[in-house]
Novice: 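Okay, here's the structure, questions in a sec.
Keep in mind the model is a prediction, meaning the values are calculated, not measured. Reminder, nothing fancy here: chain letters follow the sequence lines and each chain counts from 1.
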Number of protein chains: 2
Amino acid sequence: MSIDQILQQPSPLPTASLDQLKEHITEQHFPKGHILLQADKIESVIYFIKKGIARAYSPTDDADITFWFGKEGDPVLSMKSYVANEKGYENVELLEDSELYVLPTRELRQLFEQDIHIANWGRRLAEKELIRTEERLICRQVRTATERYKDLLNDHPDLIRRVQLGHIASYLGITQVSLSRIRAELR
Amino acid sequence: MSIDQILQQPSPLPTASLDQLKEHITEQHFPKGHILLQADKIESVIYFIKKGIARAYSPTDDADITFWFGKEGDPVLSMKSYVANEKGYENVELLEDSELYVLPTRELRQLFEQDIHIANWGRRLAEKELIRTEERLICRQVRTATERYKDLLNDHPDLIRRVQLGHIASYLGITQVSLSRIRAELR
DNA sequence: TTAGTTTTTTATCATAAGTAAAATTTTATT
DNA sequence: AATAAAATTTTACTTATGATAAAAAACTAA
């Protein structure tokens, strides 16, 4: 996915502003298993996924809990770092060899103060993420695990293929065994 | 809570920008039980709670599911309407006689395009809401119902007093009976 | 291919949470 | 204060999900 396409996703940007952003963006490649963001660390860049797939998880005593997946076009950032300059609660791990666009938050913050189009772009970015997050929260409360699995199958069939079921189960808030049961019933 | 205090919450604003915002804000009072926002409707205003308490819920086949509480200082809006100009999925109901500040989204959108400070203010507003929502989502996945109840008791003790337990249980994602059991154990 | 590792499924048992209904407490109203 | 209505707790029973262990299947890499 091209950087232009990705940047225009939150909202269209005038060419000048787009170029401003692109000036600070570089490309990096990482192997499967690489940890992009670390909990307990103030992260200083945000990524956009050009190619690949990632998961965010909270490392707890026993098992990690996966609560987010990102793929081509999605932004990857520690919200806590980006918004509050505080340590986050998530690790982000690459689940495939991946290609990423990298933008330092320091530069981005400066652009927010200088360019109203970029400020509004950043606003739209946060707002769209907010809607996605809110939808997941509500969905989690309203729908059963089986329904949520079906939804996922519908909306992101590739995810099921690309990500191992343990992570999917954790994301759905159930055990892997339960997910297996659900899958068996649907067959 | 004063409108100045509330508006400065997402991020400090220069006086001129603050005044611009305030020009479009009016105050309204509503009784307990009043429905502020309706699902299946594109809402055209956002509220800030001066005094009172509200809950957002998704009306489903059998029981409503509460997924958000707001009190003094909190913004109340249908994110879907505000961000995407689409119908939302939530009703918002007042749980007490309340006093609200009202800001039409049409005017706000205009200000976003005209004033970079307001644009960044709107960005911070969305970002902070995003963090709150993300935290709730993760908390939901990571912590048990009992822990989440204790957290709530800790962070918002007034909520337990002001809101009936049926709503709290729904918010925690458990039945009222379960919540009763939890409370009994803590005694 | 073969051995080794990881992932997924199946089976069994234990437990936490749901449902329904009754009992109690709290709140509101005349 | 007395009654009614609403909210909360308790009880008994049922069901769904989790934990654990082990078998089966699917990948990996020599």
Novice: So, B/Arg183 and B/Tyr149: side-chain donor and acceptor under 3.5 Å apart, yes or no?
Specialist: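 The criterion, which ignores hydrogens and geometry beyond distance, is satisfied for B/Tyr149 and B/Arg183.
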
Novice: So does A/Lys150 pair up with A/Glu147, basic N to acidic O under 4.0 Å?
Specialist: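 Judged by the 4.0 Å cut-off on N to carboxylate O distance, A/Lys150 and A/Glu147 do not form a salt bridge.
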
Novice: Where each residue is assigned the nucleotide of DNA chain D containing its nearest heavy atom, which of B/Ala184 and A/Lys32 is assigned the position nearer the 5′ end?
Specialist: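 Its nearest nucleotide being more 5', the pick is B/Ala184.
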
Novice: Choose from C/dG18, D/dA19, D/dT10 the nucleotide whose nearest atom is closest to any side-chain atom of B/Arg181.
Specialist: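 Looking only at heavy atoms from C-beta outward on B/Arg181, the closest nucleotide is C/dG18.
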
Novice: I need the CD1-P distance between A/Ile174 and C/dT8, as an integer number of Å.
Specialist: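 To the nearest whole Å, that distance equals 13 Å.
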
Novice: I need the NE2-C1' distance between B/His167 and D/dT8, as an integer number of Å.
Specialist: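 Result: 13 Å.
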
Novice: Could you check how far CD of B/Glu147 sits from C1' of C/dA16, rounded to whole Å?
Specialist: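 Rounded to whole Å, this separation is 14 Å.
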
Novice: Measure from the side chain of B/Thr175, starting at C-beta and using heavy atoms only, and say which of D/dT9, C/dT19, D/dA19 lies closest.
Specialist: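 Out of D/dT9, C/dT19, D/dA19, the nucleotide with an atom closest to B/Thr175's side chain is C/dT19.
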
Novice: Measure CD/B/Gln176 against P/C/dA20 and give the value in whole Å, please.
Specialist: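 That distance rounds to 14 Å.
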
Novice: Quick one: are B/Lys80 and A/Glu135 in side-chain contact, heavy atoms under 4.5 Å?
Specialist: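 SC-SC contact between B/Lys80 and A/Glu135 confirmed.
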
Novice: What is the distance from CZ of B/Arg183 to P of D/dT8, rounded to the nearest Å?
Specialist: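 After rounding, the reported distance stands at 8 Å.
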
Novice: Is the distance from OP1 or OP2 of D/dT17 to the nearest side-chain N or O of A/Ser178 less than 4.0 Å?
Specialist: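 So the side-chain polar atoms of A/Ser178 never come under 4.0 Å of the phosphate oxygens OP1 or OP2 of D/dT17.
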
Novice: Rounded to whole angstrom units, what separation is found between the CD atom of A/Gln164 and the P atom of D/dT28?
Specialist: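 Value for this atom pair: 11 Å.
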
Novice: In whole Å, I'd like the distance from the CG atom of B/Leu165 to the C1' atom of C/dT27.
Specialist: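 Nearest whole value for this atom pair: 14 Å.
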
Novice: Show which residues join A/Ile116 in its hydrophobic cluster (side-chain heavy-atom contacts under 4.5 Å, direct or indirect), or state none.
Specialist: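 Traced through the cluster, A/Ile116 reaches B/Ile116.
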
Novice: Can you tell me how far C1' of C/dT8 sits from CD of A/Glu185, to the nearest Å?
Specialist: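 Going from A/Glu185 (CD) to C/dT8 (C1'), I get 16 Å.
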
